[in-house]
A.B. asks: 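Before anything else, here's the structure in question.
In what follows, chains carry the letters A, B, and so on, assigned in the order in which the sequence lines appear, proteins first and then strands, with residues in each chain numbered from 1. No hydrogens, no waters, no symmetry mates; every other heavy atom, side chains included, goes into these values.
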Amino acid sequence: MSFVINFKSHIAELFAQALREVAPDAAQIDILIERPKQASHGDYACNLAMQLAKPLRKSPRDIAQALIAALPASEVIEKVEIAGAGFINLFLTKAAKQAIVHAVLHAGAGYGHIHLGAGRKLQVEFVSANPTGPLHVGHGRGAAVGDCLCNVLHAAGWNVTREFYYNDAGAQIENLMRSVQLRCKGITPDDPSWPEGGYRGDYIADVARAYMAMETVEADDQRTTGKGDADDEVAIRHFAVAYLRREQDLDLRAFNVEFDVFSLESALYSEGKVEETVSRLVASGHTYEQDDALWLRTTDFGDDKDRVMRKSDGGYTYFVPDVAYHLDKWRRGFVRVINEQGADHHSTITRVRAGLQALDIGIPKDWPDYVLHQMVTVLKNGEEVKISKRAGSYVTLRDLIDEVGCDATRYFLAARHPDSQLVFDIDLAKSKTNDNPVYYIQYAHARISTVLETWGGERLSLLQADFSLLDSEYETALLQLMIDYPQVIESAAQDLAPHLVAFYLKDLASAFHSYYNASRFLVDDEAVKCARLALIAAAAQVMSNGLALLGVSAPEKM
RNA sequence: GUGCCCAUAGCUCAACCGGAUAGAGCACCAGCCUUCUAAGCUGGGGGUUACAGGUUCGAUUCCUGUUGGGCACACCA
């Protein structure tokens, strides 16, 4: 097939050539090709004539006329029209659209993979929960958004590393150790001696029990056996961290999320990276001593106040390992680093970037990137849920997975713009009716699978179908949507907005369901049958590819 | 008090970096299963895009202000 499949960039190139001829002085202008909302406005539209009206001091319609005259011929374009104030509307030939079926079936799972990232190294850090308890809903949103983002960026051609960073050394780990120790000694949170910052959830009792029973736990990145000695604080700390890391790992696995690298804060100290970062910052001349503390002049780099690096008691603030950690990421050669976190961490952005700038080693000002997701509230029976049995003070990710399943949980947590607050309605996510968008999409896929199975033929033979028979409005709508899919991947990757994939899939499923109700596929006419089956097989392929990006299954039956 | 995010149909959300008549689903009303899955489809009503200004051929989108909601503002992590 010699047809151009990326019509948008193809058309943009045609206009670039026309522009050089019509207005050589304005050749640097951005050429924007968009999909009109109305079918009567064509398949693609260009507003270039309107943009040129001012600099050329001519009417948009005259300019449009000239542009069209200068437009190189293309076998994929049926006709070009001027409309409205000066829009140039382009209509594709039917054959050009129909060719997408072959392209999708031929590329299979690879359809939608683009070369935006050109194989460059990129890292996404997400979840990064501290090992002090089970993952909560917010971590779940981070996991869903982060993992989907990784999938999208991978499809966009980046070499993606998934990383999980956790603090295994700070004050909260001390609280964890203390809480487990007290539980080992039979003291419960309702005892008056229970410390202020102690963890009260039931899971602490489980950790204590396992430790006293000398169980062995294995997390992705460590393995430890309980000593059974309630006075050995080092052993308890070690065991508790490993135990909770394992629990988080199991939650993540149940959520279909895997990491390539686990990074420990303690390693930054033990490997001398924190010390090294401090000496580099001191050597760079951006630090000063005041009130027995060492300060970094982050205000030189956009922060609203300077930050303490070394406290007067000699310890470092958390800010220092944060910078050390990102320096380490930089050295590992990631062209791009994206930190997916809860919005409550937004204040660290300026600080981390300022710290990296202060190193004076050529790290870009806006490195790393951040995707911050807003809060999640959980609703059940119309009321907000705030606690869970196991964790006590918050709703766990595990609760959601157990109650509504992995697919629906992932979909609901990833299908919203990260910037907006999210209401997770358990009743809606659980409902197996048409209220539920996950099933709507999966149902479309299952329906197609059933039709193909009923047909029973060899799928490869569909590549030979006569696609020119695909001519109805329903068929055209499906073709157009499949053509758009790589564009969706590109937008989602560029805007770091994985939810676009979810919305696209709803549209695709909707176009299919309408088609399904309007026409039969298994008809007597062999040629028509094969063409239609090829089309829906291609649609199923795109659905399956898109669902894979969301981490949601594409069932054959429902 | 300062900074960041958000505000679109009764509800939950879209709108392709400024485009043409702002779109879906739920809910409401009226229809469609002897046929490949009705977890579906078709049609209908429903909007001053929070409010007030500004920028221009053109604003839900960009700027300023106001109101309302969320988050963050340690020698804690």
Side-chain angles (χ1 to χ4, degrees), chain A residues 8 30 32-38 40-41 45 47 50-51 53-54 59-60 83-87 89 130 132 167 169-173 197 265 290-295 304-305 307-319 321-322 342-350 372-375 377 415-423 425 428 431-444 446-455 484 487-488 490-491 494-495 499-500 502-504 506-507 509-510 512-523 532-533 536 557-558:
Chain A
K8 213 166 186 173
D30 266 353
L32 193 67
I33 305 297
E34 53 185 17
R35 298 276 336 276
K37 287 169 189 157
Q38 280 185 66
S40 62
H41 293 152
N47 63 354
M50 278 131 88
Q51 292 177 288
K54 201 163 211 181
S59 90
F87 289 100
N89 294 336
N130 286 334
T132 53
N167 182 332
Q172 78 278 25
I173 297 297
E265 184 180 17
Q290 185 183 309
D291 304 331
D292 295 327
L294 178 67
W295 296 71
D304 54 352
K305 55 179 285 193
R307 302 292 163 180
V308 170
M309 296 169 60
R310 194 194 303 116
K311 297 180 279 181
S312 50
D313 69 4
Y316 292 115
T317 58
Y318 73 99
F319 163 70
D322 266 5
D344 51 342
H345 290 89
H346 70 79
S347 57
T348 68
I349 298 179
T350 316
L372 301 181
H373 62 260
Q374 297 288 324
M375 270 187 60
T377 44
R416 292 257 176 294
H417 191 107
D419 275 348
S420 43
Q421 288 166 238
L422 168 63
V423 177
D425 186 335
L428 174 61
S431 72
K432 303 208 165 179
T433 69
N434 45 358
D435 309 5
N436 194 329
V438 195
Y439 296 118
Y440 183 81
I441 298 164
Q442 291 182 319
Y443 186 51
R447 271 182 149 178
I448 297 174
S449 299
T450 304
V451 174
L452 291 172
E453 195 177 319
T454 306
W455 168 59
D484 289 342
Q487 288 292 324
V488 173
E490 187 178 325
S491 301
Q494 272 175 343
D495 301 348
H499 70 287
L500 294 175
F503 282 99
Y504 169 82
K506 254 202 299 196
D507 289 344
S510 171
F512 167 73
H513 284 309
S514 294
Y515 184 34
Y516 184 96
N517 276 272
S519 21
R520 279 192 66 77
F521 310 124
L522 299 175
V523 293
R532 291 180 179 175
L533 289 175
I536 63 172
K557 277 190 172 36
M558 282 177 75

A.B. asks: What nucleotide among B/C75, B/A72, B/C41 has an atom nearest to a side-chain atom of A/His513?
C.D. replies: B/C41
A.B. asks: Write out the stems for RNA chain B, ordered by first number and formatted as range with range, counting runs of at least 3 consecutive Watson-Crick or G-U wobble pairs under 3.5 Å.
C.D. replies: B:1-7 with B:67-73, B:10-13 with B:23-26, B:28-32 with B:40-44, B:50-54 with B:62-66
A.B. asks: Among the candidates B/C17, B/C75, B/C13, find the nucleotide nearest to the side-chain atoms of A/Arg416.
C.D. replies: B/C13
A.B. asks: Using a 4.0 Å heavy-atom cut-off, does A/Gln421 contact any base of the nucleic acid, only the sugar-phosphate backbone, or nothing at all?
C.D. replies: base
A.B. asks: Could you tell me how far apart A/Lys506 (NZ) and B/G23 (C1') are, to the nearest whole angstrom?
C.D. replies: 11 Å
A.B. asks: Measure the distance between the ring centre of A/His41 and the centre of the six-membered base ring of B/A20, then answer whether it is under 5.5 Å with planes under 30°.
C.D. replies: yes
A.B. asks: Have a look at A/Ala415 and say if it touches a base, only the backbone sugar-phosphate, or nothing, with a 4.0 Å heavy-atom cut-off.
C.D. replies: nothing
A.B. asks: Could you check whether any side-chain heavy atom of A/Ile536 comes within less than 4.5 Å of a side-chain heavy atom of A/Tyr515, counting everything from C-beta outward?
C.D. replies: yes
A.B. asks: Would you indicate which nucleotide in B/A77, B/C41, B/A15 comes nearest to any side-chain atom of A/Asn517?
C.D. replies: B/C41
A.B. asks: A/Asp322 near the nucleic acid: base, sugar-phosphate alone, or nothing, with a heavy-atom cut-off under 4.0 Å?
C.D. replies: nothing
A.B. asks: Out of B/A39, B/C41, B/G19, which has the shortest distance to the side chain of A/Glu34?
C.D. replies: B/G19
A.B. asks: Classify the side chain of A/Asp304 and the base of B/G3 as holding, or not holding, a donor-acceptor pair under 3.5 Å.
C.D. replies: no
A.B. asks: Under 3.5 Å, which N/O atoms of the protein pair with N/O atoms of nucleotides 55-57 of chain B?
C.D. replies:
unit_1	atom_1	unit_2	atom_2	d
B/C57	OP1	A/Lys54	NZ	3.3

A.B. asks: Using side chain to side chain contact (heavy atoms under 4.5 Å, CB included) as the criterion, point out the one residue from A/Ile448, A/Thr454, A/Thr450 that pairs with A/Leu452.
C.D. replies: A/Ile448
A.B. asks: Using a distance-only criterion (donor-acceptor N/O pair, under 3.5 Å, no hydrogens), is the base of B/C16 paired with the side chain of A/Ser491?
C.D. replies: no
A.B. asks: Compare the minimum distances between each of B/U35, B/U37, B/C75 and the side chain of A/Arg520, then state the nucleotide with the smallest one.
C.D. replies: B/U35
A.B. asks: Starting from P on B/G3, measure out to CD1 on A/Ile349 and report it in whole angstrom.
C.D. replies: 16 Å
A.B. asks: For A/Ala53, answer base if it contacts any base atom (sugar-phosphate contacts may also be present), sugar-phosphate if it contacts only those atoms, and nothing otherwise; contact means non-hydrogen atoms under 4.0 Å.
C.D. replies: nothing
A.B. asks: Does the structure show A/Phe87 stacking with B/A20, if we require the centres to be closer than 5.5 Å and the planes to be within less than 30 degrees of parallel?
C.D. replies: yes
A.B. asks: When the C1' atoms of B/G47 and B/A7 are compared, how many Å lie between them, rounded to an integer?
C.D. replies: 15 Å
A.B. asks: Any base atoms under 4.0 Å from A/His417, or only sugar-phosphate, or nothing? Heavy atoms, all strands.
C.D. replies: sugar-phosphate
A.B. asks: Please report the closest heavy-atom contact between A/Asp291 and A/Ser312, naming both atoms and the distance.
C.D. replies: O-CB, 3.9 Å
A.B. asks: What's the closest nucleotide to the A/Lys305 side chain, out of B/C16, B/A74, B/A14?
C.D. replies: B/A74
A.B. asks: If you draw a 6.0 Å radius around CD in A/Glu453, do more than 12 non-hydrogen atoms from other residues or ligands fall strictly inside?
C.D. replies: no
A.B. asks: Describe the nucleic acid contact of A/Asp291 in one word from base, sugar-phosphate, nothing, applying a heavy-atom distance below 4.0 Å.
C.D. replies: base
A.B. asks: With a 3.5 Å cut-off and no angle check, do the side chains of A/His513 and A/Arg447 form a donor-acceptor pair?
C.D. replies: yes
A.B. asks: Out of B/A74, B/A77, B/A39, which nucleotide sits closest to the side chain of A/Glu265?
C.D. replies: B/A77
A.B. asks: Output the single nucleotide from B/C41, B/C71, B/A39 whose closest atom is nearest the side chain of A/Met558.
C.D. replies: B/A39
A.B. asks: Could you check whether A/Tyr516 gets within reach of a base, just the sugar-phosphate, or nothing at all, counting any heavy atom under 4.0 Å?
C.D. replies: base
A.B. asks: Could you tell me whether A/Asp30 atom CG has more than 12 heavy atoms of other residues or ligands within 6.0 Å of it?
C.D. replies: no
A.B. asks: Base, sugar-phosphate or nothing for A/Ser449? Non-hydrogen atoms, less than 4.0 Å.
C.D. replies: nothing
A.B. asks: How would you label the contact of A/Asp495 with the nucleic acid (heavy atoms, under 4.0 Å): base, sugar-phosphate, or nothing?
C.D. replies: base
A.B. asks: Looking at A/Tyr318 and B/A77, is any side-chain donor or acceptor paired with a base atom of the opposite kind under 3.5 Å?
C.D. replies: yes
A.B. asks: Syn or anti for B/C17, please, going by whether the chi angle lies within 90° of 0.
C.D. replies: anti
A.B. asks: Looking at the side chain of A/Gln374, which of B/C71, B/C36, B/C5 is the nearest nucleotide?
C.D. replies: B/C5
A.B. asks: The side chain of A/Asp419 lies closest to which of these nucleotides: B/C41, B/A20, B/C5?
C.D. replies: B/C5
A.B. asks: Would you classify A/Tyr316 as touching base, sugar-phosphate or nothing, given that sugar-phosphate means primed atoms plus P, OP1 and OP2, and contacts are heavy atoms under 4.0 Å?
C.D. replies: sugar-phosphate
